[in-house]
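Remarks on the structure that follows.
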Amino acid sequence: MKVDFLYLNEKDMIEAGVLDAEKCIETMRDTISLFGKKDYLLGGPKADEHGLQVNFPGKSDIENFPLDDGPDRRFMAMPAYLGGRFHIAGQKFYGSNNHNLRIGLPRSILMVTLADVDTGAPVAYMSANLLSAMRTGAMPALAASYLARKDSKVISLIGPGVINKCAFMCYMKVLPKLDTVKLRGSSAHSKSAHRMADWIRAEYPQIKNIIFCSSLEEACRDADIVSEAMSVTKTDMEEFKLDWFKKGASVFSMGSFFAKEYDKFLDTTMVVDNYGMYEKYMKNFIARGPVDDLGNKREWCIMGMHFVHLVNSGKAKRSDVLDLADMVNGITPGRTSDDEIVMCSIGGMPLEDLSWGYDCYQAAKEKGLGTVLNLWDEPYLK
């Protein structure tokens, strides 16, 4: 039996609409609805694995062996199945190396494969840097449509990189009253923050004020929306203080949210995209032990893990941590008062890559985009 599949490069993906923020948000809504209905599979025996990661050693006696010599050095494979209107299997795979930036490449280079659910044959193979960034950015905007105050005007982007750029595109679709942006990069003079500001001025004239923040506290105070998408080493992590957030603030964390005052989360509305995933993170964290190879104390830095810790320690019930999927499916309400402070952890799942990849693939087929590649006309071995 002949097997062909469609290859989509980055240009093809752009023409197929991968940067369409509004459509991406709606695809994420469909995805999280299916997640809440259990119409999906992730890796692992409990179908709750974010993916399988190759961790590099700090040193090796083998010549040219790849080492963990920079932030986010890894290979990652993220398989999944998503049902409903998608009914597609596949995976995202990427390699990440911060040294890529020195040679003009993104830190991570990502590809997504879509596969037939029954045969496993490839359906499409596509460039996924933009796909992954957009689905990541669409998720907090989807959450904001249920959790943010509708009159929100001030948004703080902590980590002015690609992810928060895509997130901002999506926030602007669901929070049209935003008129002030606070930017927190590595410093008030951060080049990435100033590039972000230039882009916002050019693309969003309704934004009247852009503020460069010199501290994490300054970025958090007085913001209606806080969008965290930092990529930092553990040695560079700054501590968040929950006292910084005003009544009615909504905080969406997609990267690192290092906090030590765990109990103060109990005074907020805690929301997650996938509670089981954070439970798994905590089990892996505990298994690695309290210190690293150099004797440094380990600290977790993912918001959802703070919630799991509170439940595991008996300070909160599992029901105190709300599920975004239940809001999407109308089981629980989103924001219930103007004064509540919302803390929402968005860890991301390969389900989102599959769904947005699938919709881009369908658009590409309709527009005649991409290159058809042949796997075989007849398999040599049967």
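Fair warning: this is a prediction, and the values are worked out from it, not measured in the lab.
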Checklist entry - Tell me, do Y81 and H87 make a side-chain contact under 4.5 Å, heavy atoms counted? => result yes

Checklist entry - Quick one: are V154 and S156 in side-chain contact, heavy atoms under 4.5 Å? => result no

Checklist entry - If you count the non-hydrogen atoms of other residues, nucleotides and ligands that lie under 6.0 Å from CD in E261, is the total more than 12? => result yes

Checklist entry - Crowded around K150 NZ? As in, over 12 foreign heavy atoms under 6.0 Å? => result yes

Next on the checklist: Hydrophobic clustering (ILVMFWY, side-chain heavy atoms < 4.5 Å, transitive) - are L8 and F5 grouped together?
Outcome noted: no

Checklist entry - Are L6 and V3 connected, step by step, through hydrophobic side chains (Ile, Leu, Val, Met, Phe, Trp, Tyr) whose heavy atoms are closer than 4.5 Å? => result no

Item to check | From OG (S256) to CZ (F240), nearest 0.5 Å | outcome: 8.5 Å

Checklist entry - Taking C-beta and beyond as the side chain, do I155 and K182 meet within less than 4.5 Å on heavy atoms? => result no

Next on the checklist: In this structure, is the centre-to-centre distance between the rings of H194 and F212 below 6.0 Å?
Outcome noted: yes

Checklist entry - Looking at OH of Y40 and CZ of F35, how far apart are the two atoms once the value is rounded to the nearest 0.5 Å? => result 4.0 Å

Next on the checklist: Rounded to the nearest 0.5 Å, what separates atom CE in M196 from atom NZ in K165?
Outcome noted: 7.0 Å

Item to check | Ring centres under 6.0 angstrom apart (W199, Y204) | outcome: yes

Checklist entry - Yes or no on side chain to side chain contact (heavy atoms under 4.5 Å, CB included) for V54 and R74, after CA distance, side-chain angles and deciding distance? => result CA-CA 6 Å; V54 173; R74 55 180 165 163; over 6 Å; no

Checklist entry - Do the non-hydrogen side-chain atoms of L147 and C344 ever get within less than 4.5 Å of each other? => result yes

Item to check | salt bridge (Lys or Arg N to Asp or Glu O under 4.0 Å) evaluation trace for R107 with D72 | outcome: CA-CA 8 Å; R107 184 195 67 204; D72 203 29; 3.1 Å; yes

Checklist entry - Is there a donor-acceptor pair closer than 3.5 Å between any side-chain N or O of T31 and the backbone N or O of T27? => result yes

Checklist entry - Would D267 and K264 pass as an ion pair if we require N to O under 4.0 Å? => result no

Next on the checklist: Quick check against the 3.5 Å criterion: does D320 have a side-chain atom that pairs as donor or acceptor with the backbone of K317?
Outcome noted: yes

Checklist entry - Sub-3.5 Å donor-acceptor pair from the side chain of S345 to the main-chain atoms of G304, do we have one? => result yes

Item to check | Backbone of K11 reached by a side-chain donor or acceptor of N9 within 3.5 Å | outcome: yes

Checklist entry - Could you walk me through whether K23 and E26 pass the salt bridge (Lys or Arg N to Asp or Glu O under 4.0 Å) check? => result CA-CA 5 Å; K23 287 184 179 178; E26 292 312 308; over 6 Å; no

Next on the checklist: Does this structure show an ion pair linking D151 with R149, if we count only N-O contacts that are shorter than 4.0 Å?
Outcome noted: yes

Item to check | Contact check, side chains of E15 and K367, non-hydrogen atoms, under 4.5 Å | outcome: no

Next on the checklist: Please evaluate residues E217 and R184 with respect to the criterion salt bridge (Lys or Arg N to Asp or Glu O under 4.0 Å), reporting the C-alpha separation (whole Å), side-chain torsions for both, the decisive distance (0.1 Å), and the verdict.
Outcome noted: CA-CA 10 Å; E217 180 177 357; R184 168 61 176 162; over 6 Å; no

Checklist entry - Do you reckon Y125 sits in the same ILVMFWY cluster as L82, going by side-chain contacts under 4.5 Å, direct or chained? => result no

Item to check | Candidate pair D116 and T119, rule side chain to side chain donor-acceptor pair (under 3.5 Å), full reasoning | outcome: CA-CA 6 Å; D116 183 273; T119 67; 3.3 Å; yes

Next on the checklist: Can you tell me how far apart SG (C360) and CG (L131) are? Round to the nearest 0.5 Å.
Outcome noted: 5.5 Å

Checklist entry - So do L175 and I225 actually touch side chain to side chain, heavy atoms under 4.5 Å? => result yes

Checklist entry - Judged by atom type as modelled, is there a donor-acceptor pair below 3.5 Å linking the side chain of N129 to the main-chain atoms of L110? => result yes

Item to check | Test item: R335 side-chain N/O and S337 main-chain N/O as donor-acceptor pair under 3.5 Å | outcome: yes

Checklist entry - Does the ring centre of F56 sit less than 6.0 Å away from the ring centre of F75? => result yes

Checklist entry - Between F245 and R221, is there a cation-pi geometry (under 6.0 Å to ring centre, at most 45° from the normal)? => result no

Checklist entry - Is a side-chain donor or acceptor of N374 paired with a backbone partner of D4 at a separation under 3.5 angstrom? => result no

Next on the checklist: So does G255 get a backbone contact from the side chain of E228, meaning a donor-acceptor N/O pair under 3.5 Å?
Outcome noted: yes

Next on the checklist: Under the criterion side chain to side chain donor-acceptor pair (under 3.5 Å), I'd like the reasoning laid out for D224 against S152: C-alpha separation, chi angles, the key distance, then a yes or no.
Outcome noted: CA-CA 5 Å; D224 299 308; S152 295; 5.0 Å; no

Next on the checklist: Assess the residue pair K280 and E49 against the criterion (salt bridge (Lys or Arg N to Asp or Glu O under 4.0 Å)); give the C-alpha distance rounded to whole Å, side-chain angles, the decisive distance to 0.1 Å, and a yes or no.
Outcome noted: CA-CA 7 Å; K280 186 70 174 183; E49 298 276 6; 3.2 Å; yes

Next on the checklist: Keeping T136 on the side-chain end and S132 on the backbone end, is there a donor-acceptor pair under 3.5 Å?
Outcome noted: yes

Checklist entry - Quick one: does F65's side chain get under 4.5 Å of K59's, heavy atoms only? => result no

Item to check | Audit row: R85, Y358, side chain to side chain donor-acceptor pair (under 3.5 Å) steps and yes/no | outcome: CA-CA 10 Å; R85 70 176 180 84; Y358 177 87; over 6 Å; no

Next on the checklist: Give me the atom names and distance for the closest heavy-atom approach of H50 to P350.
Outcome noted: O-CD, 3.7 Å

Checklist entry - What's the spacing between M134 CE and W356 CH2 if we round to 0.5 Å? => result 7.0 Å

Item to check | Cluster link I331 to Y146, ILVMFWY, side chain under 4.5 Å | outcome: no

Next on the checklist: Quick check against the 3.5 Å criterion: does N164 have a side-chain atom that pairs as donor or acceptor with the backbone of S227?
Outcome noted: yes

Checklist entry - Hey, are the side chains of M303 and M343 touching, using non-hydrogen atoms and a 4.5 Å cut-off? => result yes

Checklist entry - Are M111 and I14 in one and the same hydrophobic cluster, where Ile, Leu, Val, Met, Phe, Trp and Tyr link if side-chain heavy atoms are under 4.5 Å apart? => result no

Checklist entry - Got more than 12 heavy atoms from elsewhere within 6.0 Å of NZ, K191? => result no

Checklist entry - Under 6.0 Å between the ring centres of H306 and Y278? => result no

Checklist entry - How many angstroms lie between CG in D222 and NZ in K153, if you round to the nearest 0.5 Å? => result 14.0 Å

